[in-house]
Asks: 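One structure, as structure tokens, below. Some questions next.
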Amino acid sequence: MSKYWLMKSEPGAYSIDDLEKDGQTFWDGVRNYQARNFMRDEMKVGDSVLFYHSNTAPPGVIGLAKVVREGYPDHTACDPNDIHYDPKASPTNPRWYMVDIEFEEKFSQIFELSQLREVKELQKMVLLNRSRLSVQPVSPAEFKKIVRLARTTKK
DNA sequence: GCCAACGTTGGC
DNA sequence: GCCAACGTTGGC
């Protein structure tokens, strides 16, 4: 039984276009324990991901990705030259984890946060209630609803 | 660029 | 283990 997730990225740092070009990527740099736990413990190969552009105008869900490798240590935490370096992490005590995801689809237009807020069935989404979590679970019903709306809604 | 929300750190 | 200070996220 595969699960559904939402992952945020600032497009200036890593966008859906970057993912499409790369094909797949490792999701490094997450330094929040709850988000880490999802990646380390719960995300499985084959799980589906809503790719969300944050801190941009407008923010919203921009496409889909798929988990292709389960949680493993985020090596950038041990690299003093990396922007996400964490002196408390080490190869024997990695502290931070990441997954690999693969590009699946870019929507023809972004499905904006403001549009998500207007959908009755999405009012309980983590995104709308705990806005700062950068890796978060999405229910199957929420996932399907968003994908359908994103593919069919015309602005 | 502002700033509210909120997660993390560290002194006690 | 509390909680004030601090840093970051992310919408606007």
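Here is how names work: the chains are called A, B, and so on, in the same order as the sequence lines, proteins then strands, and each is numbered from 1.
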Asks: When you look at A:Y72 and A:D100, which way does the side chain to side chain donor-acceptor pair (under 3.5 Å) test go after all the steps?
Replies: CA-CA 9 Å; A:Y72 63 107; A:D100 289 356; 2.5 Å; yes
Asks: In whole angstrom, what separates A:R36's CZ from B:dT8's P?
Replies: 10 Å
Asks: Let me know the distance between NE2 of A:H53 and P of C:dT9, rounded to the nearest Å.
Replies: 17 Å
Asks: To the nearest Å, give me how far apart CD (A:Q136) and C1' (C:dG10) are.
Replies: 13 Å
Asks: Can you check whether A:K8 has a side-chain N or O nearer than 4.0 Å to OP1 or OP2 of C:dG10?
Replies: yes
Asks: Could you check how far CG of A:N55 sits from P of C:dG7, rounded to whole Å?
Replies: 19 Å
Asks: Side chains of A:R69 and A:Q24: any donor to acceptor distance under 3.5 Å?
Replies: no
Asks: Considering only heavy atoms from C-beta outward, does the side chain of A:K8 approach that of A:L127 to under 4.5 Å?
Replies: yes
Asks: B:dT9 C1' sits how many Å from A:R95 CZ, rounded?
Replies: 10 Å
Asks: Which nucleotide, B:dT9, B:dC6, C:dG11, lies nearest any side-chain atom of A:K88?
Replies: B:dT9
Asks: Going by heavy atoms in the side chains, are A:Q115 and A:L149 under 4.5 Å from each other?
Replies: no
Asks: Do the non-hydrogen side-chain atoms of A:Y4 and A:I146 ever get within less than 4.5 Å of each other?
Replies: no
Asks: Whole angstrom is fine here: how far is it from CG in A:L133 over to P in C:dG11?
Replies: 13 Å
Asks: Among B:dA5, C:dC12, B:dT9, which nucleotide sits nearest the side chain of A:R132?
Replies: B:dA5
Asks: Out of B:dT8, C:dG10, B:dT9, which nucleotide sits closest to the side chain of A:N32?
Replies: B:dT8
Asks: Between C:dC12 atom P and A:E112 atom CD, what is the distance in whole Å?
Replies: 10 Å
Asks: Using a 4.0 Å heavy-atom cut-off across all strands, classify A:R31 as base, sugar-phosphate, or nothing.
Replies: nothing
Asks: Can you tell me the distance, in whole Å, between the CG atom of A:L128 and the C1' atom of C:dC12?
Replies: 16 Å
Asks: Below 4.0 angstrom from OP1 or OP2 of C:dG11, is there any side-chain N or O of A:Y52?
Replies: yes
